[in-house]
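Take a look at the structure below.
Letters A, B, ... mirror the listed sequences (proteins, then strands); counts begin at 1. All values derive from a computational prediction rather than experimental measurement.
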Amino acid sequence: MPISDWFKAREGRRYTVASAEKSADLPDGVWLKCPSCKHTIYQGVLEENVYVCPHCAHHFELYAHARVLSLADEGTFEETESTLSSLDPLRFSANKPYTESLASAKDKTGMAEAVVTGRALLGGHPVVLGAMDFRFVGASMGSAVGEKIARAFALAEAERRGLVLVIASGGARMQEGMLSLMQMAKTSAAAERLSRARVPYISILTNPTYGGVTASFPVLADIILAEPGALIGFTGPRVIEQTIRQSLPKGFQTAEFLEEHGMIDEVVPRTELASTVARVLDYLSGPEVPLAATGAACRVPASTGGDE
Amino acid sequence: MPISDWFKAREGRRYTVASAEKSADLPDGVWLKCPSCKHTIYQGVLEENVYVCPHCAHHFELYAHARVLSLADEGTFEETESTLSSLDPLRFSANKPYTESLASAKDKTGMAEAVVTGRALLGGHPVVLGAMDFRFVGASMGSAVGEKIARAFALAEAERRGLVLVIASGGARMQEGMLSLMQMAKTSAAAERLSRARVPYISILTNPTYGGVTASFPVLADIILAEPGALIGFTGPRVIEQTIRQSLPKGFQTAEFLEEHGMIDEVVPRTELASTVARVLDYLSGPEVPLAATGAACRVPASTGGDE
Amino acid sequence: MAQFVMEFERPLVDLEEKLQELKRLDLAADLELGEEIKELEAEIEQLRVTLYQALSPWERVQVARHPGRPKTQDYVEALCSEVVELNGDRLYGDDEAIFAGLATIAGHRCMVIGHRKGKSTKENIRRNFGSPHPEGLRKARRAMLMAEKFGLPVVTFVDTQGAYPGVEAEERGQAWAIAENLATLSALRVPIVAVGIGEGGSGGALAIGFGDRLIMLENAYYSVISPEACASILYKDAGRAPETASCLRMTAEDLVGLGIADEIIAEPLGGAHRDPSAVFAAVERAVIAALSELCVQDADALVERRFERLSAIGVYAEGE
Amino acid sequence: MAQFVMEFERPLVDLEEKLQELKRLDLAADLELGEEIKELEAEIEQLRVTLYQALSPWERVQVARHPGRPKTQDYVEALCSEVVELNGDRLYGDDEAIFAGLATIAGHRCMVIGHRKGKSTKENIRRNFGSPHPEGLRKARRAMLMAEKFGLPVVTFVDTQGAYPGVEAEERGQAWAIAENLATLSALRVPIVAVGIGEGGSGGALAIGFGDRLIMLENAYYSVISPEACASILYKDAGRAPETASCLRMTAEDLVGLGIADEIIAEPLGGAHRDPSAVFAAVERAVIAALSELCVQDADALVERRFERLSAIGVYAEGE
Ligand SMILES: [Zn+2]
Ligand SMILES: [Zn+2]
């Protein structure tokens with residue numbers, strides 16, 4: 001079913017779908033303006049096209065739930081840990097109390113935290129699927145995000161499901177101080193465990209992916225994909241400019257720049273993400289029996305011919 | 001005992017010691033001229049100083065047997081595989097027959113092949129020790145050199161002795177064609193086995209170390225040392241200049257250049273090599289019981305205090 | 001583009017051109033040149049066989065370097081489906097001289113790695129004529145380790161003049177990158193099938209160019225040094241490469257004789273470029289046969305056999 | 001070099017200078033100023049205690065950044081013997097902002113890794129003020145893996161403002177290098193003891209800065225973001241760093257409270273630079289105590305406990 005119907009079916013939750021949908025309270029059939037090419041687009045068309053402008057391929061921001069639905073086989077996504085949420089362990093109140101930031105983020109998004117995780121099928125493969133939502137305190141990683149990510153890794157390992165995570169983040173959540181920084185170590189430890197269990201892990205870097213989050217679980221994936229034009233880096237461009245007192249090269253920190261510099265596997269348009277991930281899983285998701293038990297060198301013995 | 005006495009004690013073998021010794025047939029007490037600073041040096045002094053010029057620290061070429069003796073604890077070196085030597089499997093005779101090159105190399109050096117290997121103690125540690133001799137067909141690696149190197153790795157693994165190899169080479173031995181190229185894979189495979197057995201391996205790169213030899217076992221060591229000023233690389237400087245049609249940067253491919261580029265651990269003057277290697281072995285050579293058998297996280301439990 | 005003519009095939013090409021001319025006459029003037037044409041065709045056929053059936057090593061090198069010869073990307077396109085290309089070494093850069101990707105060959109899911117020469121000058125510049133930098137070899141190594149992690153056999157296509165001999169390649173550790181690939185290939189716990197499809201230039205070829213099977217195309221070569229460089233060293237005259245090409249024993253047949261290659265795939269008369277699709281089919285059959293045999297083997301035994309196979313390479317004497 | 005004076009200790013330094021003056025007068029003129037001197041000394045002592053015994057977080061940050069504060073190389077010199085330095089990542093370069101080496105601490109053979117700030121402007125430029133590039137972090141990782149291979153415990157000294165925020169660092173994968181270190185540290189099969197000796201700036205610190213024990217010097221800090229950067233973001237005014245330094249809970253005491261650090265080593269009044277040798281002795285005792293406990297543990301259990309320790313970090317709510 002179309003994403004909007006799915007949401008209607010879950011009334012009471014105020015999920016929104018994508019950044020262009022800010023006019024969604026208007027009657028059906030509303031037209032939206034692409035910020036890049038200035039074309040007006042019928043909303044239904046945009047929705048069908050996973051919020052990629054059909055005229056200039058501009059990728060609108062896609063919110064976490066919509067993202068997850070855009071990747072999962074229809075009707076298969078089941079959310080996990082949906083009630084896990086942040087506290088305010090530091091009683092952080094510089095400028096604006098952290099509790100206020102959290103409350104307004106919850107109100108704006110209808111989410112309990114900045115990441116959605118769950119079980120799903122993807123191209124027929126059982127996976128654990130997660131996506132981050134930049135509207136929620138910049139999708140920064142505090143204790144709750146770190147814990148949800150770590151549990152996603154643990155679930156993938158326990159059930160030997162491929163893990164697919166869609167990343168967007170401004171970095172660590174400074175309002176949780178060192179608890180936030182340590183989530184980098186915690187999620188990287190979880191990623192290392194999954195890797196040693198030889199369960200496949202694919203990350204999809206979207207705009208923007210920065211700071212301490214970039215420097216942890218997202219870049220430890222077996223296959224790293226990124227959306228066209230997404231800005232990805234450790235240090236933000238303004239800080240770098242202040243440090244080196246020079247302007248930055250053109251295209252710096254774009255997905256395409258990172259591909260050229262050997263850091264990611266492929267820049268994939270959003271419309272092809274689901275099929276690309278499914279194809280990768282065809283290769284990396286094997287039968288449930290671990291290799292060691294069979295002794296054979298390969299996952300797919302010659303006699304089976306290959307197509308599962 | 002001094003190196004020259006050791007050689008006298010092994011009469012019948014026509015080992016020579018170092019490049020400066022070409023005047024060794026003159027009576028004792030001969031004076032030699034340093035090609036770098038032009039000082040004349042009493043040969044005995046040069047010998048005591050491991051053939052390093054006491055005035056300018058120029059490192060004279062040091063032949064394989066002298067090299068081995070300069071590293072081993074006195075009187076402990078026992079040669080292995082001393083009779084292993086090359087054949088002419090390709091009946092290679094472009095310009096000059098390979099058999100002739102081999103015969104004249106044997107005649108000139110008194111060696112059966114371009115590498116000397118054996119058991120020894122080094123700083124009290126049981127080791128397998130090897131050194132290559134540039135005078136022997138440019139210390140290029142044919143089947144015999146590859147086999148001797150592979151056996152040195154196997155011996156080190158079997159007896160859990162640290163492996164110390166002193167490298168000098170012009171590269172693969174083209175007169176053995178593909179048999180020579182495949183020695184790169186064969187010796188690298190041997191190095192990988194030793195590494196997985198967690199037996200320490202230290203290589204010492206000396207002038208010159210080039211070509212297919214560089215690109216195999218020497219750079220797979222746990223610790224890579226090099227002599228000051230030694231030229232080390234994959235492609236020789238002349239070929240690179242012809243390819244890029246530019247002159248090369250100053251200091252290109254020197255040991256110091258490689259250290260700056262992160263490829264080697266330390267440039268160590270020849271006079272300090274034995275003590276440096278011994279110190280490394282203090283750390284990496286453990287008790288004979290493999291770690292796995294004890295379960296403990298560290299080689300040296302706290303209670304023993306450390307000094308063996 | 002005009003047909004590229006190798007020097008040694010000039011007499012044949014001349015006859016072929018004459019034949020084309022006769023045929024045009026035949027059609028245009030409706031003359032009865034049938035007999036002449038038939039005779040010429042027979043002559044051509046005989047010359048073709050004479051010329052191509054016993055190519056000298058140096059002539060084979062020319063064929064291996066023929067610009068129209070099928071390249072790694074042609075094999076990937078012809079043999080592989082469901083390709084997912086992997087980019088980058090995750091350390092420094094992405095080297096377009098090396099291809100790495102997940103791919104399916106006749107139902108076998110594999111990791112495919114190959115040197116990637118260009119087909120035009122422009123493409124060749126981008127791909128550095130198929131001569132890898134360290135980052136290309138490190139990308140290949142990443143692919144090998146991924147294959148091992150997920151139990152996928154590795155299939156490599158070898159076609160390079162060698163690792164790139166440049167300043168930056170040396171600075172970033174060309175020798176280190178090659179050696180680490182050799183060590184990794186030697187102990188990788190999945191089957192490795194290497195196919196020599198064109199040039200096999202020294203360490204840059206070897207860094208992805210050996211395993212449990214080495215399959216050589218009839219005119220592919222594999223050598224410790226290029227015949228020209230060898231001639232330069234020995235004779236100070238690169239022009240004597242035809243001689244050194246023979247001395248170096250670098251042909252497919254030589255490699256089987258030396259116990260290094262396992263199998264030779266016959267090429268169409270004149271070379272693989274004369275009938276690529278026949279070559280693709282033959283390569284696919286050979287690769288599949290090798291995989292079918294290797295994939296069911298126990299991983300420990302596989303690695304042990306590979307080690308023994310490598311260890312056995314070499315001819316030397318022992319004893320006084 | 002003139003004593004570096006932190007702003008908050010100016011009143012104390014003024015009194016100390018006055019005392020020196022009095023003492024010079026006393027000696028020169030042989031006057032009986034004994035009483036005045038004694039009084040001033042008592043006053044100074046009291047002020048010193050008042051001033052230093054309850055430093056604010058922002059004052060601690062100043063102490064942690066004091067140019068005379070002992071640095072990694074001072075600890076290596078004071079605590080370690082038989083040092084063999086390791087250079088290079090074997091991939092791209094050697095980063096002097098990171099030290100790695102085999103070293104013996106009171107009989108314990110270890111792998112020591114640390115951020116290395118310079119002691120002079122010239123040295124700081126060479127060492128990039130202790131802010132690592134990816135190649136420095138990759139050298140550290142190589143050292144970690146070598147330690148694991150040969151069963152050596154890892155001891156790290158953390159002292160950096162952070163990973164270097166430059167164009168080339170981004171190009172060569174700063175985030176990738178940090179993340180790989182985190183993954184490696186999390187599963188390394190030897191004990192890891194990290195010591196916060198000065199600044200603990202974000203990911204660049206964390207990349208060598210956690211393990212089985214985290215020991216903090218009293219005035220060392222460890223933070224997700226520098227107080228200045230935090231103030232810039234929140235108030236558009238870096239000058240309000242004293243406030244954010246408190247909010248961020250970045251002191252040694254805070255870290256113990258949060259369950260992240262295990263232990264605090266007291267510093268001499270005024271900071272470690274006032275009596276380095278006492279600090280070296282205390283650090284050595286703490287490191288040795290940790291190693292003695294960790295080195296006899298079973299490697300599997302060690303890694304499992306480290307994972308559980310990391311997994312337990314975080315404060316969150318569950319349930320509607
Ligand atoms: Zn548009
Ligand atoms: Zn001299």
> Counting heavy-atom pairs under 4.5 Å to chain C, which of A:M263, A:H261, A:E266, A:R279 comes out on top?
Replying inline: A:R279

> Using non-hydrogen atoms only, which part of C:R142 is less than 4.5 Å away from chain A: side chain, backbone, both, or neither?
Replying inline: side chain

> Do you know the tightest heavy-atom contact between A:Y283 and C:E82?
Replying inline: OH-O, 2.6 Å

>> Which heavy atom of A:R198 sits nearest to which heavy atom of C:E148, and what is that distance?
In response: NH1-O, 3.4 Å

> Who among C:A103, C:A100, C:G88, C:G101 has the most heavy-atom pairs with chain A under 4.5 Å?
Replying inline: C:A103

> Do other residues, nucleotides or ligands put more than 12 heavy atoms under 6.0 Å from the CD atom of C:E77?
Replying inline: no

>> Counting only non-hydrogen atoms closer than 4.5 Å, does C:V83 touch chain A with its backbone (N, CA, C, O), its side chain (CB onward), both, or neither?
In response: backbone

>> Which atoms of A:I223 are under 4.5 Å from chain C, going by heavy atoms: the side chain, the backbone, both sets, or neither?
In response: both

> Counting N and O atoms only, with roles assigned by atom type, does the side chain of C:N87 sit under 3.5 Å from a partner on the main chain of A:D265, one being a donor and the other an acceptor?
Replying inline: yes

>> For A:A221 versus C:R90, what's the shortest heavy-atom pair and its separation?
In response: O-NH1, 2.6 Å

> With a 4.5 angstrom heavy-atom cut-off, which part of C:E85 approaches chain A: side chain, backbone, both or neither?
Replying inline: backbone

> Among C:V84, C:D300, C:D95, which residue forms the greatest number of heavy-atom pairs with chain A at distances under 4.5 Å?
Replying inline: C:V84

> Is it the backbone or the side chain of A:E259 that comes under 4.5 Å from a heavy atom of chain C, or both, or neither?
Replying inline: both

>> Using heavy-atom distances under 4.5 Å, tell me whether C:E135 contacts chain A through its side chain, its backbone, both, or neither.
In response: neither

>> Restricting to non-hydrogen atoms, name the atom on A:D222 and the atom on C:F150 that form the minimum distance, rounded to 0.1 Å.
In response: OD2-CZ, 3.3 Å

>> With a 4.5 angstrom heavy-atom cut-off, is it the side chain or the backbone of C:L102 that approaches chain A, or both, or neither?
In response: both

